[in-house]
Amino acid sequence: VILFSKNTAETLQNWLDKNDYDKVFLLTDANTQQQCLPQVALIANHVISIPAGEENKNLNSAQIIWTELAKNGASRKSLLVNLGGGMVTDIGSFCASTYLRGIDFIQIPTSLLAMVDAAIGGKTGIDFLSYKNFIGTFTNAKCIIINPAFLQTLPQKEIINGWAEVVKHAIISGYTLFNEIQTIPDISNLDLWEKIIDNNIQIKTQIVEKDPNELNIRKKLNLGHTIGHGLESFFIASNTITKHGYCIAAGIVMESYIAVKKQLLPEKQYEEIAETVLRIFPKMQLNNQWFDEILKWIAADKKNHHGKIHMSVPAAIGNVIEKTEVSTEEIQNALFNYFSNANQRKF
Ligand SMILES: NC(=O)c1ccc[n+]([C@@H]2O[C@H](COP(=O)([O-])OP(=O)(O)OC[C@H]3O[C@@H](n4cnc5c(N)ncnc54)[C@H](O)[C@@H]3O)[C@@H](O)[C@H]2O)c1
């Protein structure tokens, strides 16, 4: 169930009244504890808080959550409410889905990325051995409560971070949404934000419902992610601070470039995609001595099979095709093109 709300506490309370939980646990990170918890705090029996940041989406934090649940008497009839960005919704849902072989959980995403993507679709997980989301489950939330007003305390760089998934969804969906997302709306325009978030959720849920376990069409949602995750893992392993969305945005441009070179995507549409992305996400800088290293991370992606690299690439704005086999040479060319033309758009 996905509920849009202008009053999160009331929506949550209404939902709890209709259900029978013995205890309600609420998970935050240090930031959402400060910025978002005051709006719903009274409802929880017990608040669990973990340190903020992707580097904490790990077994250590999972252990803190399981321990807090156990020590405070969480039973099979208890509920965990995850209040935060994708880091909190991912690890919280992972812990809930494994604690006592699974207890119910609710997602209340507070970042744009979590509202349009992370909290939707039932993928839970933590990072492990430097690999993103390496341990996890497919488990659906009982309910997802969306209140765009949470975005008003989110730093602008985090709004931009989430925007990469909005652009991705628009490329999957077609020109109607693609034309609407050429600029990022002002944060005071909550009605417009609600419309955009709603559109994005619909695109994702329609795909996920048809293929919950990512056997075929759900792979479309990986657009930008094969190269994007490779970049992100590379940056994490080299202790460089990076953001998921910025890597995905770069991945979208490079994977679209591969599609042009394969003569799947018309050049004009590549230009439109690249312009839309690069207007908001300026090119990253990286020396080509690192390309082999990035390729290793891309090849290690958990979605590859039998040593072949597969990715989802656009054949048009509104038509992303999944499971396209791509050679390392094609990826090298795309990396070279993106990173060596840092200030020019032409390819
Ligand atoms: N499960 C999935 O299908 C899926 C899909 C996409 C991404 N993800 C995961 O999502 C994570 C990234 O999500 P994210 O970008 O939301 O990261 P995040 O949860 O780390 O949030 C980013 C920062 O914003 C802060 N924050 C969140 N909401 C706030 C608010 N309302 N006001 C002030 N600060 C706030 C957080 O504390 C954090 O510092 C990654 O771990 C990624 O793997 C999962």
Side-chain angles (χ1 to χ4, degrees), residues 8 27-40 49-58 61-62 82-94 96-97 105 107-128 130-141 144-166 168-169 187 190 193 197 200-201 203-205 207-208 212-214 218-219 221-225 228-229 232-233 236 241-249 251 302-303:
T8 316
L27 177 69
T28 66
D29 68 19
N31 297 326
T32 61
Q33 181 176 25
Q34 254 192 339
Q35 306 285 358
C36 313
L37 183 64
Q39 299 171 49
V40 282
S49 194
I50 52 172
E54 182 68 25
E55 66 278 18
N56 294 304
K57 201 178 97 176
N58 58 21
S61 306
N82 302 313
L83 178 72
M87 182 268 181
V88 166
T89 58
D90 267 19
I91 194 170
S93 55
F94 170 66
S97 73
F105 64 91
Q107 307 284 45
I108 308 185
T110 60
S111 71
L112 177 61
L113 185 81
M115 290 182 195
V116 298
D117 194 1
I120 313 294
K123 279 190 187 175
T124 85
I126 56 171
D127 303 336
F128 191 63
S130 303
Y131 292 100
K132 291 263 303 161
N133 306 320
F134 209 65
I135 310 285
T137 67
F138 282 100
T139 316
N140 282 315
I144 301 160
I145 299 174
I146 307 279
N147 185 348
F150 281 121
L151 299 180
Q152 289 175 331
T153 58
L154 191 69
Q156 181 65 12
K157 70 172 195 312
E158 297 295 343
I159 299 266
I160 294 174
N161 187 47
W163 198 255
E165 306 295 347
V166 172
K168 178 193 81 178
H169 286 148
I187 202 60
L190 289 179
W193 275 105
I197 294 164
N200 273 271
I201 291 177
I203 291 160
K204 181 157 183 186
T205 48
I207 292 176
V208 170
N213 294 323
E214 199 172 300
R218 185 168 184 170
K219 291 181 200 286
L221 295 169
N222 293 330
L223 172 65
H225 283 61
H229 267 165
E232 193 178 7
S233 300
I236 291 170
I241 293 168
T242 185
K243 292 248 95 214
H244 177 78
Y246 291 71
C247 295
I248 299 313
K302 62 186 179 297
K303 292 183 281 289

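Order of listing sets the numbers, starting from 1, for every ligand and every atom in it. Note that this is a predicted model, so its numbers are computed, not measured. In what follows, every heavy atom counts, from backbone to side chain, and hydrogens, waters and symmetry copies are set aside.
- When each atom of ligand 1 is checked for a heavy atom of Lys132 under 4.0 Å away, the hits are 40 (C), 41 (O), 42 (C), 43 (O).
- The shortest N or O to N or O distance between Lys57 and ligand 1 is under 3.5 Å.
- In this structure, Lys243 does not pair ionically with Glu232, as no charged nitrogen and carboxylate oxygen lie closer than 4.0 Å.
- Neither the backbone nor the side chain of Pro109 comes within 4.0 Å of ligand 1, counting heavy atoms alone.
- For the pair Thr32 (side chain) and Thr28 (backbone), a donor-acceptor distance under 3.5 Å is absent.
- Across all non-hydrogen atoms, the minimal contact from Thr89 to Ala118 is OG1-CB, 4.0 Å.
- What sits closest to atom 8 (N) of ligand 1 on the protein, heavy atoms only, is Ala118 CB, 3.5 Å.
- Between Val116 and Lys204 there is no side-chain heavy-atom pair separated by less than 4.5 Å.
- Looking only at distances, no side-chain donor or acceptor of Thr139 sits under 3.5 Å from a matching main-chain atom of Gly122.
- Taking the side chain as every heavy atom from C-beta outward, Ile248 and His225 approach each other to under 4.5 Å.
- No heavy atom of Gln33 sits closer than 4.0 Å to any atom of ligand 1.
- Here Thr110 has heavy atoms under 4.0 Å from ligand 1 in both its backbone and its side chain.
- Less than 4.0 angstrom separates some heavy atom of Asn133 from each of these atoms of ligand 1: 43 (O).
- Under the 30°/60° scheme for interplanar angles, the aromatic rings of Trp193 and Trp163 are found to stand perpendicular.
- Counting only non-hydrogen atoms, the option in Thr28, Leu154, Asn31 that gets closest to atom 24 (O) of ligand 1 is Leu154.
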Could you walk me through whether His244 and Glu54 pass side chain to side chain contact (heavy atoms under 4.5 Å, CB included), step by step? CA-CA 9 Å; His244 177 78; Glu54 182 68 25; over 6 Å; no
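- When His244, Met87, Lys123 are ranked by how near their heavy atoms come to atom 20 (O) of ligand 1, first place goes to Met87.
- Inclusion of Ser111 in the set of residues having an N or O under 3.5 Å from an N or O of ligand 1 is warranted.
- Put simply, the side chain of Pro51 does not reach to within 4.5 Å of the side chain of Asp29, judged on heavy atoms.
- For atom 12 (C) of ligand 1, the closest heavy atom belonging to the protein is Leu113 CD2, 3.1 Å.
- Side-chain atoms of Ser233 come within 3.5 Å of backbone N or O of His229 as a donor-acceptor pair.
- With hydrogens and angles ignored, the 3.5 Å screen pairs no side-chain donor or acceptor of Lys132 with any backbone N or O of Asp127.
- Of the possible donor and acceptor atoms, one in the side chain of Asn161 sits under 3.5 Å from a partner among the backbone N and O of Gly245.
- Heavy-atom proximity to Asn161, at under 4.0 Å, picks out these atoms of ligand 1: 15 (O).
- Annotation for ligand 1: atoms under 4.0 Å from non-hydrogen atoms of Lys204 are 3 (O).
- Distances between N or O atoms of Gly86 and those of ligand 1 include at least one value under 3.5 Å.
- At least one N or O atom of Asp90, backbone or side chain, sits closer than 3.5 Å to an N or O atom of ligand 1.
- Considering only heavy atoms from C-beta on, Val40 comes within 4.5 Å of Leu83 through its side chain.
- When side chains are defined from C-beta on, Val88 counts as touching Asn82, because their heavy atoms get closer than 4.5 Å.
- For atom 21 (O) of ligand 1, the closest heavy atom belonging to the protein is Gly85 CA, 4.2 Å.
- Nearest-heavy-atom check against atom 37 (O) of ligand 1 across Ile126, Asn56, Asp29, Leu112 picks out Asp29.
- The N/O atoms of Leu151, backbone and side chain alike, include none that comes under 3.5 Å of an N/O atom in ligand 1.
- Contact atoms of ligand 1 toward Asp117: 5 (C), 6 (C) (distance under 4.0 Å to a heavy atom of the residue).
- The distance from ligand 1 to the heavy atoms of Thr153 drops below 4.0 Å at these ligand atoms: 30 (C), 31 (N), 32 (N), 33 (C).
- Per-residue contacts place Gln35 under 4.0 angstrom from the following atoms of ligand 1 (heavy atoms of the residue considered): 32 (N), 33 (C).
- Annotation: Glu165 places no N or O atom under 3.5 Å from an N or O atom of ligand 1; distance criterion only.
- Comment: Lys123 engages Glu214 in a salt bridge, judged by a side-chain N to carboxylate O separation of less than 4.0 angstrom.
- Closest to atom 22 (C) of ligand 1, if we only count protein heavy atoms, is Glu158 OE1, 3.3 Å.
- Contact annotation: Cys36 has at least one heavy atom less than 4.0 Å from an atom of ligand 1.
- Among protein heavy atoms, the minimum distance from atom 40 (C) of ligand 1 is reached at Glu54 OE1, 3.1 Å.
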